[in-house]
Amino acid sequence: AIGWDNRRSSQLADELRVAHQLGELSIHYQPLFKLGGELVGMEALLRWHHPELGTVPPVEFIPLLEQSREIVGVGRWVLQEATRQGRSWQIEGRPELTISVNVSGRQLQHPEFYDDVQQALLQSGLQPESLVLEVTESVLVMDIVRIGPVMQRIRDLGVHMALDDFGTGYSSLLYLRGLPIDRLKVDRSFVSGLGSSEQDPTIVTAVVDLAHKLGLRVVAEGVETEEELLAVGAMGCDEAQGFLLGCPAPAQSFSSDQRVLTVS
Ligand code: C2E
Ligand code: MG
Ligand code: MG
């Protein structure tokens, strides 16, 4: 199985190099809601439709893009495309909508990343306050000396920063205090099973309380059931995202009459 996996990996790595030019990459969007129910944002999620293998999951191809450094070019395209789409939804009748873009370590380390963000904002006309960059803990521990200052410069533009998949890494909230992060996304593994005996709410409750004391907004990731939604609401999470509320889908599937963005 390992041999097959390796072969598949190196085959995919080669094919990824041309996938972008061939137009096989696309972006899906997943809605984010306030706990009251109001739509507040959309997260851009990269998709690769392989001509023979079908849809290859991001967990499989994003690491390959990072290894080959292709993530820099692809990430730049995601940033441009998502900010343009976000601005167009705002013009169509959702002026308050934010757009979230996942960024990898390699992107943040790249000397042109700051310029890429500024360029995407200028070209799309999206206000910096409408953009959220999502980074994972593993990215931050990787090269904090280099990444910290870049994040601060981008935050100074007004762009928001979210810590994604919180709880899966090793960092504590106190360690993150020096970083310009203003949102925390609690990983699905902590949300899954809440409201039933399968999951202990103590950790999430403590994380939410501390995050709020540090001035962070808290998003619950991967809400799949009504019980989980009720539980994360009772714990004080500010926003939620998950299959229960809306699955990732192409941009056009969210605009019913091209004027008002609706989520069914
Ligand atoms: P993420 O940023 O934490 O995104 C959330 C992932 O959870 C998405 O998986 C989404 O489809 C999935 N998800 C959302 N709600 C639910 C739910 O209720 N239940 C379950 N089981 N899953 C849910 P996806 O699209 O496969 O993306 C996986 C990861 O790949 C993302 O995790 C993100 O870290 C990375 N990624 C995706 N697009 C990009 C990109 O453009 N650039 C970079 N650097 N990374 C990306
Ligand atoms: Mg994310
Ligand atoms: Mg996540």
Side-chain angles (χ1 to χ4, degrees), residues 16 19-20 24-33 41-49 54-83 85-86 98-110 113 116-117 120 131-140 142 147 160-169 181 183-195 199 207 217-229 231-232 237 239-251 253 263:
L16 263 171
H20 190 202
E24 292 170 10
L25 299 182
S26 66
I27 302 173
H28 280 193
Y29 293 87
Q30 186 181 27
L32 277 109
F33 295 88
M42 287 288 207
E43 178 176 0
L45 294 161
L46 199 53
R47 293 289 177 265
W48 180 18
H49 189 80
T55 306
V56 183
V59 286
E60 191 167 9
F61 74 83
I62 297 223
L64 298 175
L65 283 174
E66 281 172 16
Q67 278 161 32
S68 67
R69 297 175 188 262
E70 306 270 327
I71 191 70
V72 174
V74 172
R76 185 181 292 134
W77 172 75
V78 174
L79 205 51
Q80 288 169 350
E81 188 55 29
T83 50
Q85 181 61 61
T98 61
I99 198 88
S100 300
V101 175
N102 294 284
V103 295
S104 78
R106 281 244 191 273
Q107 283 178 274
L108 276 166
Q109 288 173 322
H110 196 271
F113 186 66
D116 289 346
V117 173
L131 178 64
V132 184
L133 298 183
E134 299 194 357
V135 295
T136 61
E137 286 170 278
S138 55
V139 164
L140 299 180
M142 194 163 102
I147 285 172
H160 297 284
M161 298 272 177
L163 186 61
D164 208 348
D165 306 338
F166 184 76
T168 56
I181 280 161
R183 282 143 208 240
L184 199 72
K185 298 189 80 172
V186 178
D187 191 68
R188 186 173 76 87
S189 55
F190 293 95
V191 172
S192 175
L194 282 176
Q199 180 76 273
V207 165
R217 200 191 280 198
V218 184
V219 186
E221 285 194 280
V223 174
E224 292 182 349
T225 68
E226 294 285 352
E227 291 73 26
E228 289 164 3
L229 185 62
V232 299
C237 287
E239 293 169 13
Q241 197 177 12
F243 294 166
L244 175 73
L245 304 162
C247 293
S253 68
V263 175

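Both ligands and their constituent atoms are indexed starting at 1 by order of listing. Sequential numbering from 1 along the given sequence is applied to the chain's residues.
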- What is the name of the N/O/S atom in E43 that sits closest to the Mg ion (ligand 2)?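 Closest N, O or S atom of E43 to the Mg ion (ligand 2): OE2.
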Ligand 1 atoms in contact with [X] (distance to a heavy atom under 4.0 Å):
X	value
R47	11 (O), 24 (P), 25 (O)
P248	11 (O)
S104	44 (N)
Q30	14 (C), 15 (N)
D164	1 (P), 2 (O), 3 (O)

- Query: Hey, is the Mg ion (ligand 2) within less than 2.8 Å of some N/O/S atom on N102?
  - Reply: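 Looking at N102, which is the residue asked about, there is an N, O or S atom under 2.8 Å from the Mg ion (ligand 2).
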- Is the distance from the Mg ion (ligand 2) to the nearest N/O/S atom of D165 under 2.8 Å?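 Given the 2.8 Å cut-off, D165 does not count as a ligand of the Mg ion (ligand 2).
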- Query: K185 near ligand 1, heavy-atom distance under 4.0 Å?
  - Reply: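 Flag not set, K185 not near ligand 1.
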- Task: Determine, using heavy atoms of E224 and all atoms of ligand 1, whether some pair is separated by less than 4.0 Å.
- Result: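 Under 4.0 Å: yes for E224.
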Is [atom] touching the protein, meaning some protein heavy atom lies under 4.0 Å away?
atom	answer
atom 32 (O) of ligand 1	no
atom 3 (O) of ligand 1	yes
atom 7 (O) of ligand 1	no

- Task: Give the contacting part of V223 toward ligand 1: side chain, backbone, both or neither, where contact means a heavy-atom distance below 4.0 Å.
- Result: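 It is the backbone that gets close, since no side chain atom is under 4.0 Å.
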- Message: Tell me the contacting part of E43 for ligand 1: side chain, backbone, both, or neither, using a 4.0 Å heavy-atom threshold, strictly below.
- Response: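 Contact part for E43 vs ligand 1: side chain (C-beta onward).
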Nearest protein heavy atom with distance in Å, relative to [atom]:
atom	result
atom 24 (P) of ligand 1	P58 CG, 3.8 Å
atom 5 (C) of ligand 1	E221 OE2, 4.0 Å
atom 10 (C) of ligand 1	L45 CD1, 4.0 Å
atom 35 (C) of ligand 1	I62 CD1, 4.0 Å
atom 42 (N) of ligand 1	N102 O, 3.3 Å

Rounded at 0.5 Å granularity, tell me how far [atom1] in [X] sits from [atom2] in [Y].
X	Y	atom1	atom2	answer
E43	D164	CD	CG	6.0 Å
H110	D116	NE2	CG	7.5 Å
Q85	T83	CD	OG1	10.0 Å
E224	L194	CD	CG	12.0 Å
E81	I27	CD	CD1	5.0 Å
L131	T98	CG	OG1	9.0 Å

For [Y], does its backbone N or O pair with a side-chain atom of [X] as donor and acceptor, under 3.5 Å?
X	Y	result
D187	E221	no
Q80	W77	no
E137	F166	no
E134	V103	no

- Message: What is the name of the N/O/S atom of D164 that is nearest to the Mg ion (ligand 3)?
- Response: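 Among the N, O or S atoms of D164, the one closest to the Mg ion (ligand 3) is OD1.
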Close side-chain approach of [X] and [Y], heavy atoms under 4.5 Å:
X	Y	answer
L229	L245	yes
L65	L46	yes
E24	W48	yes
F243	Q30	yes
S100	L32	yes

- Query: Is it true that some N/O/S atom of E221, main chain or side chain, lies under 2.8 Å from the Mg ion (ligand 3)?
  - Reply: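 Yes - counting backbone and side chain alike, E221 has an N, O or S atom under 2.8 Å.
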- Message: If I take every N, O or S atom of E134, is at least one of them less than 2.8 Å from the Mg ion (ligand 3)?
- Response: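 Short answer: no, not a single N, O or S atom is under the cut-off.
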Should [X] be counted as touching ligand 1, given the test is an N or O pair under 3.5 Å?
X	answer
F243	yes
L46	yes
E66	no

